[in-house]
Amino acid sequence: MLANLDAIDWKSLRHAYGEASDVPKLIRALVSDHPGKREGALDALFSTIWHQGTVYSASPAAVPFLVELLDAEAQEDLPAILELLAHLATGTPDEDAEAPHNAATAAREAVSRGISVYARRLGHPEPAVRVAAAYLLGLFAVEAARAPLAAAVEDDSEPAVRAVAAFALGCIADPARADELRERLVDISEHPAVRLYAGLGLSRGGAPVEGPQFAALAELVEDVRPVRPARRAPRQRRAHELRPAR
């Protein structure tokens, strides 16, 4: 695992605090048996290769190794790593860089190459992992993301997972799946949070929500209570919640 990490010229890359030569050590710490080391490494990565919404030249270089960690069966902190990838995929360029658009574009493209891994994580036994994977998939309007999200909306046993999957799918829905989500929005046998998030996702994705669907959405916005996964991943502890990226 991480066999090619040292093949990158990290000293030539930069993150929020300058030279990125510390990134390999931080990534390796994510496989530590010591929870505190993993926690510290995650905090550091959240403030270096992604810093308050900004990405840097080291950011796309780090992505393949984060995706590699996600695909390891024994990996801890999966929700946090998935969240970090979501932020990297939607980061803004460093204004001080000579070519400010390159890092953001490259980071998003690098994250997109892991879609099959995120889709597999929709089958993880921990609901918090499935929630984070669903959100990340909803950043990419491609069939490889839509199909597993649609399956999660239909089949997952956890309402929180179905709700986030419905929101994510609504954000990237093609016409056929938009119709399916509109039907779910007015299906009173469905969990209210799933209906609400389906409508919010469709609205964010630009799909029309009109007539009975709009009335149902307005009522849900007023009345629904938040849902949470029944169990959370033991190492999930980010201070900020997953939220739609601008």
Side-chain angles (χ1 to χ4, degrees), residues 1-31 41-72 75 77-121 129 131-142 144-146 149 168 171-172 204-205 238-246:
M1 183 180 293
L2 306 177
N4 297 319
L5 190 57
D6 291 328
I8 306 296
D9 183 9
W10 295 101
K11 289 185 177 181
S12 69
L13 302 176
R14 299 186 66 79
H15 55 46
Y17 298 104
E19 183 184 291
S21 56
D22 56 341
V23 170
K25 180 180 179 180
L26 296 175
I27 292 175
R28 285 195 174 94
L30 297 180
V31 299
L42 283 167
D43 286 341
L45 289 168
F46 267 91
S47 64
T48 53
I49 61 172
W50 179 87
H51 181 76
Q52 298 180 358
T54 302
V55 293
Y56 306 84
S57 60
S59 305
V63 167
F65 303 104
L66 296 173
V67 175
E68 182 180 349
L69 293 178
L70 284 180
D71 218 14
Q75 180 61 47
D77 307 295
L78 292 175
I81 296 173
L82 286 159
E83 182 184 352
L84 177 56
L85 287 166
H87 286 310
L88 290 170
T90 54
T92 57
D94 177 14
E95 294 180 354
D96 295 331
E98 294 182 4
H101 64 283
N102 288 343
T105 300
R108 181 173 180 81
E109 290 176 350
V111 177
S112 73
R113 289 193 282 274
I115 286 175
S116 63
V117 177
Y118 319 144
R120 285 195 294 275
R121 285 311 188 185
V129 176
V131 164
Y135 181 87
L136 180 51
L137 285 168
L139 300 178
F140 301 101
V142 295
R146 293 186 184 108
L149 285 171
C171 290
I172 60 172
R204 182 172 177 82
R238 300 262 60 81
H240 46 289
E241 296 295 327
L242 284 175
R243 58 188 183 276
R246 295 185 179 276

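Since we're looking at a predicted model, the values are computed, not measured.
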Check: L30 and L45 side chains under 4.5 Å, non-hydrogen atoms | yes

If you measure from OG1 on T48 to CZ on R14, what distance do you get to the nearest 0.5 Å?
-> 12.5 Å

How far apart are the closest heavy atoms of V142 and I115, and which atoms are they?
-> CG2-CD1, 3.7 Å

Is any side-chain heavy atom of Q75 less than 4.5 Å from a side-chain heavy atom of V31?
-> yes

Nearest heavy-atom contact between A168 and G138 is CB-CA, 3.6 Å

Side chains of F140 and R146: does their closest heavy-atom pair fall under 4.5 Å?
-> no

Determine, step by step, whether H15 and W50 satisfy the side-chain contact (heavy atoms from CB on, under 4.5 Å) criterion, reporting the C-alpha distance in whole Å, the side-chain angles of both residues, the deciding distance to 0.1 Å, and the verdict.
-> CA-CA 8 Å; H15 55 46; W50 179 87; over 6 Å; no

Are side-chain heavy atoms of D94 and V55 found at a separation under 4.5 Å?
-> no

R121 versus A133, closest heavy-atom pair with distance = CB-CB, 4.0 Å

Work out which heavy atom in R108 is nearest to a heavy atom in A89; give both atom names and the distance.
-> NH1-O, 3.3 Å

Salt bridge (Lys or Arg N to Asp or Glu O under 4.0 Å) contacts touching residues 15-28 (sequence neighbours left out) | D6-R28

Is the shortest heavy-atom distance from the side chain of I172 to the side chain of L139 under 4.5 Å?
-> no

Would you say the side chain of L2 lies within less than 4.5 Å of the side chain of I27, judging by non-hydrogen atoms?
-> yes

Would you give the length of the straight line joining atom CG of L13 to atom CD1 of I49, rounded to the nearest 0.5 angstrom?
-> 11.5 Å

Ion pair check, D71 and R120, cut-off under 4.0 Å | yes

Between F65 and W10, how do the two ring planes meet: parallel, tilted or perpendicular, split at 30° and 60°?
-> tilted

Compare all side-chain heavy atoms of L70 with those of L85 and state whether any distance is below 4.5 angstrom.
-> yes

Taking all heavy atoms of A110 and all of P60, pick out the closest pair and write down the distance.
-> CB-O, 4.0 Å

From L149 CG over to L136 CG, what is the distance, rounded to the nearest 0.5 angstrom?
-> 9.5 Å

Provide the closest heavy-atom pair for Y118 versus V111 in the form atom of the first, atom of the second, distance.
-> OH-O, 2.7 Å

Got D77 and L42 here, is their nearest side-chain heavy-atom distance under 4.5 Å?
-> yes

List the steps, then state whether ring-ring contact (aromatic ring centres under 6.0 Å, His included) holds for Y56 with H51.
-> CA-CA 9 Å; Y56 306 84; H51 181 76; 7.2 Å; no

